Amino acid sequence: MELTGAQIIVECLKEQGVDTVFGYPGGAILNVYDALYEYKDEITHVLTSHEQGAAHAADGYARATGKVGVCMATSGPGATNLVTGIATAFMDSVPIVAITANVGKSLLGKAFLIAKSGRPGPVLVDVTKDVTAAKYEYIPHRPATVTRETKDIRKEDIEQAASLINKAEKPFIFVGGGGVISGASGEIAELSARIQAPVCDSLMGKGAFSGEDPMYTGMLGMHGTKTSNLGVSQCDLLIVLGARFSDRVTGNADTFAKNAKIIQIDVDAAEINKNVYVDAYIEGDLKEVLRRLLEKIPAQNHSEWVAHIMEMKKKYPLRYDESQLTGP
């Protein structure tokens, strides 16, 4: 089947199950927009007032749906206006694909696999205008299956982490965005219950551990609770699950969790020992790592430590002036 480059781009979007695209058109990408119009019954285009809005909208769409967000812009300043939204997606590990108008044809069709695999993030596909206008033989392809990153999970790293956990008397768990992305809620809850470890989280980690669980102590860091911050300062083992140790969490990295040994589990090797040096680490998909780690960890009793944390939760609750709030 012979199609224009622009039509092939839209066909590739269809293959990936894309039903919504955010964008702002311009000269260099008009061929793609012409093709997109042909598929208007299958793909909805949301026109934004500025390219930056398109990137942020794609980011929000990906967070809300769990699918890859897609945005489009033209060349030059149109493409550079996407930068802030792309940076946001990169920092928060959100899968988006941005299509703009200048790159080699060999990259076409692989963007969604890159965006979704390993640590999710943004991908930019830049296609020249002549490619969008020229015709090529198009052969449909089934989208590649995204598998969990397990090749770098080492048995010795699992053993070292398990040893530290089994020796700890005051363990504390800190959950980041990786807990949400990997779908590891069940494993995190099981780890907390099995070793009687309180759990705090980052903003990106919210939802990975139930806020109604008695072991939950709230967010960590400058926007966190006093209990979480004191708990991390007093624990003898901090288990960090899919978090990148941002400065809003750690404050002074040199004094962060100064009384504790630290275990870091992350799919991205670049995040390990980047902001805070750790005593042990495991690289790989968090859900799969925890599944293997739990096999090495028996039930433990840390009742005195838990009682201390519960007492702090009662002593330092989050308060607000009810007279200043309105509502039904």
Side-chain angles (χ1 to χ4, degrees), residues 63-64 66 92-94 119-120 148 161-162 164-165 168 170-246 248-250 256-257 260 262-268 271 276 278 281-282 284-295 297 299-303 305-314 316-318:
R63 294 173 193 254
D92 288 349
S93 303
V94 178
R119 179 182 180 178
R148 294 186 178 275
L164 288 173
I165 291 172
K170 297 185 291 183
F172 210 99
I173 297 172
F174 170 43
V175 182
V180 177
I181 294 169
S182 66
S185 296
E187 288 76 12
I188 295 170
E190 184 176 349
L191 177 64
S192 171
R194 187 176 298 185
I195 68 173
Q196 290 196 318
V199 179
C200 64
D201 55 20
S202 68
L203 183 63
M204 290 297 298
K206 282 201 163 298
F209 188 80
S210 173
E212 297 180 351
D213 192 298
M215 298 296 276
Y216 180 66
T217 63
M219 286 177 61
L220 178 64
M222 68 167 64
H223 298 134
T225 65
K226 191 165 185 177
T227 300
S228 292
N229 285 294
L230 287 174
V232 169
S233 296
Q234 297 170 7
C235 71
D236 64 0
L237 178 67
L238 181 62
I239 306 167
V240 183
L241 308 178
R244 59 186 175 88
F245 293 111
S246 74
R248 296 191 179 196
V249 163
T250 65
F256 177 72
I262 301 176
I263 299 171
Q264 184 178 9
I265 302 174
D266 207 286
V267 73
D268 187 354
E271 291 296 340
V276 172
V278 300
Y281 67 85
I282 307 171
D285 177 81
L286 180 59
K287 185 181 181 73
E288 179 61 23
V289 168
L290 289 179
R291 188 187 68 78
R292 299 184 191 186
L293 188 59
L294 284 165
E295 295 175 355
I297 300 172
Q300 298 169 18
N301 185 342
H302 298 124
S303 55
W305 169 238
V306 172
H308 173 65
I309 296 296
M310 296 303 110
E311 183 60 33
M312 285 201 293
K313 284 180 66 174
K314 292 179 183 178
Y316 306 117
L318 290 176

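Because the structure is predicted, anything quoted here is derived from the model rather than measured. These values consider heavy atoms only, across backbone and side chains, with no hydrogens, waters or symmetry-generated copies.
Between Y216 and F209, the angle of the ring planes lies from 30° to 60°, which puts this pair in the tilted group. Taking the six-membered ring where tryptophan is involved, the planes of W305 and F172 are perpendicular, since the angle between them exceeds 60° and thus also 30°.
A donor-acceptor pair under 3.5 Å is formed between the side chain of D236 and the backbone N or O of K170. In this structure, the side chain of T227 does not engage the main chain of T217 through any donor-acceptor pair within 3.5 Å. The main-chain N or O of E271 is found under 3.5 Å from a side-chain atom of Q264 such that the two form a donor-acceptor pair. Under a 3.5 Å cut-off, the side chain of S233 and the backbone N or O of A257 do not form any donor-acceptor pair. At distances below 3.5 Å, not a single donor-acceptor pair connects side-chain atoms of H302 with backbone N or O atoms of A197. Of the possible polar contacts, none joining the T250 side chain to the F256 backbone as a donor-acceptor pair under 3.5 Å is found. When atom types are taken as modelled, the side chain of K287 and the backbone of G183 share a donor-acceptor pair closer than 3.5 angstrom.
In plain terms, the two heavy atoms of M219 and S202 that are nearest each other are CE-C, 4.3 Å. Between V306 and M215, the shortest heavy-atom distance links the atoms CG2-CE, 3.8 Å. For the residue pair I165 and I263, the shortest heavy atom distance occurs at CG1-CD1, 3.8 Å. For the pair L286 and I265, the tightest heavy-atom approach, listed with the atom from each and the gap, is CD1-CG2, 3.6 Å. Taking every heavy atom of both residues into account, I309 and G231 meet most closely at CD1-CA, 4.1 Å. Of all heavy-atom pairs between S228 and G218, the closest is OG-O, 3.0 Å.
When each of I282, L294, V267 is paired with V289, the side chain to side chain contact (heavy atoms under 4.5 Å, CB included) condition holds for I282 and for no other. Screening I239, D213, V175 for a side chain to side chain contact (heavy atoms under 4.5 Å, CB included) involving I188 leaves a single residue, V175. Of the candidates D266, D285, D268, R119 forms a salt bridge (Lys or Arg N to Asp or Glu O under 4.0 Å) with just one, namely D268.
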Kindly indicate, with the supporting measurements, whether the criterion side chain to side chain contact (heavy atoms under 4.5 Å, CB included) is fulfilled by Q234 and H308. CA-CA 10 Å; Q234 297 170 7; H308 173 65; 2.6 Å; yes

List the steps and the verdict of side chain to side chain contact (heavy atoms under 4.5 Å, CB included) for L203 and H223. CA-CA 9 Å; L203 183 63; H223 298 134; over 6 Å; no

I would like to know whether N229 and L220 meet side chain to side chain contact (heavy atoms under 4.5 Å, CB included); could you show each step before the answer? CA-CA 6 Å; N229 285 294; L220 178 64; 3.5 Å; yes

Take V276 and V240 through the side chain to side chain contact (heavy atoms under 4.5 Å, CB included) test and state the conclusion after the steps. CA-CA 11 Å; V276 172; V240 183; over 6 Å; no

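The CD atom of E190 sits 11.0 Å away from the CD1 atom of I195 when rounded to the nearest 0.5 Å. For the atom pair I173 CD1 and L191 CG, the distance stands at 4.0 Å (nearest 0.5 Å).
Counting heavy atoms from C-beta on, the side chains of R63 and M204 come closer than 4.5 Å.
A salt bridge links R291 with E288; the closest basic N to acidic carboxylate O contact falls under 4.0 Å.
The environment of CZ in R194 is crowded: more than 12 heavy-atom neighbours from other residues, nucleotides or ligands sit within 6.0 Å.
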